[in-house]
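For the single chain, residues carry numbers from 1 onward in sequence order. These numbers come from a predicted model, not from an experiment.
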Amino acid sequence: MRVALLVIAVLQWFLVVVFLGAAATKLSQRERFLRTLSTLPWLSVRGARSASVGVPSFELMLAGLLGASPRIGGAVSLAALGLFTGVVLIEILSGRDFRCGCFGSADMRSVGWWTVGRNAGLLAAAALLVSVPGRNAGGAALVGVAMGLFFLLVEVGIETAMLARAR
């Protein structure tokens, strides 16, 4: 049971950092994120404006909820990640070239099956938070934060490499 508690703490803080990073990049590049959302043919301009503020605000709230309660935060994360993945799937299956800006990289990489796979991993982490009751474990929390930061660095690194290759 001790190992399960450590794993839960790692996943909890990993997801906290991922949602904080996603929110921060969207808020710091709000106009870019708004332009990205405006490309969705099924989302009105008014809806895109609301979502450009609402999505990152929700991600910030979700990071706080995950920090306070891994189980409840995990359940809300499951729903949010399911919705985000649904949007990605709609765009992939429609054949549109959608660049989601998930981590602030709206003009660099189109969503694809890699995005779905990445989200599946995040969904699995959230599902584990829901399925195993856990409490905060200090050292494991630091590992989770480090993993989340590493995840964000990899995302930025991939985007930077793709941008350099495109030039």
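- The main-chain N or O of Thr36 is found under 3.5 Å from a side-chain atom of Thr39 such that the two form a donor-acceptor pair.
- Residue Leu65 comes nearest to Gly73 through the heavy atom pair CG-CA, 3.8 Å, listed as atom of the first residue, atom of the second, then distance.
- Sequence neighbours left out, the pairs with a member in residues 51-66 that pass salt bridge (charged side-chain N to carboxylate O under 4.0 Å, His left out) are Lys26-Glu59.
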Checklist entry - Can you list the steps and then say if Phe84 with Val87 is a side-chain contact (heavy atoms from CB on, under 4.5 Å)? => result CA-CA 5 Å; Phe84 297 159; Val87 169; 5.9 Å; no
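- Put simply, the side chain of Leu66 does not reach to within 4.5 Å of the side chain of Ile72, judged on heavy atoms.
- Side-chain atoms of Val76 and Phe58, non-hydrogen and from C-beta on, do get closer than 4.5 Å to each other.
- Under the rule for a side-chain hydrogen bond (donor to acceptor under 3.5 Å, both in side chains), the partners of Trp42 that lie at least two apart in sequence or sit in another chain are Glu91.
- Listed by first and then second residue, the side chain to side chain donor-acceptor pair (under 3.5 Å) pairs that reach into residues 60-70 come to none, sequence neighbours excluded.
- Considering CD1 of Ile92 and OG1 of Thr85, their distance stands at 9.5 Å, rounded to 0.5 Å.
- Contacts of Ser77 classified as side-chain hydrogen bond (donor to acceptor under 3.5 Å, both in side chains), with partners at least two apart in sequence or in another chain: none.
- In this structure, Ser110 and Phe98 have side chains that are not in contact, with every pair of non-hydrogen atoms separated by 4.5 Å or more.
- Gln12 contributes atom CD, which lies 6.5 Å from atom CG of Leu129 (distance to the nearest 0.5 angstrom).
- Val53 pairs by the side-chain contact (heavy atoms from CB on, under 4.5 Å) definition with Arg30, Ser57, not counting sequence neighbours.
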Scan the side chains in residues 43-50 for donor-acceptor partners under 3.5 Å anywhere in the protein, sequence neighbours excluded, and list what turns up.
unit_1: Ser44; atom_1: OG; unit_2: Gly47; atom_2: N; d: 2.9
unit_1: Ser50; atom_1: OG; unit_2: Arg46; atom_2: O; d: 3.2

Item to check | Step-by-step side-chain contact (heavy atoms from CB on, under 4.5 Å) determination, Phe33 to Thr25 | outcome: CA-CA 9 Å; Phe33 187 52; Thr25 55; over 6 Å; no
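- Leu34 and Leu60 end up in different hydrophobic clusters when Ile, Leu, Val, Met, Phe, Trp and Tyr side chains are linked at under 4.5 Å.
- Checked against side-chain contact (heavy atoms from CB on, under 4.5 Å), Leu78 has the following partners two or more places apart in sequence or in another chain: Leu123, Ala126, Ala127, Val130.
- Residues meeting the salt bridge (charged side-chain N to carboxylate O under 4.0 Å, His left out) test with Arg35, sequence neighbours left out: none.
- Taking CG of Leu89 as the start and CH2 of Trp113 as the end, the distance is 5.5 Å to the nearest 0.5 Å.
- Residues forming a side-chain hydrogen bond (donor to acceptor under 3.5 Å, both in side chains) with Thr115 (at least two apart in sequence, or on another chain): none.
- Among residues two or more places apart in sequence or in another chain, the side-chain contact (heavy atoms from CB on, under 4.5 Å) test is passed with Ala63 by Val16, Phe19, Leu20.
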Checklist entry - Please walk me through it: do Arg96 and Ile90 pass side-chain contact (heavy atoms from CB on, under 4.5 Å)? => result CA-CA 9 Å; Arg96 288 188 285 270; Ile90 288 169; 4.1 Å; yes
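- In terms of the side-chain contact (heavy atoms from CB on, under 4.5 Å) criterion, Leu83 has no residue partners (sequence neighbours excluded).
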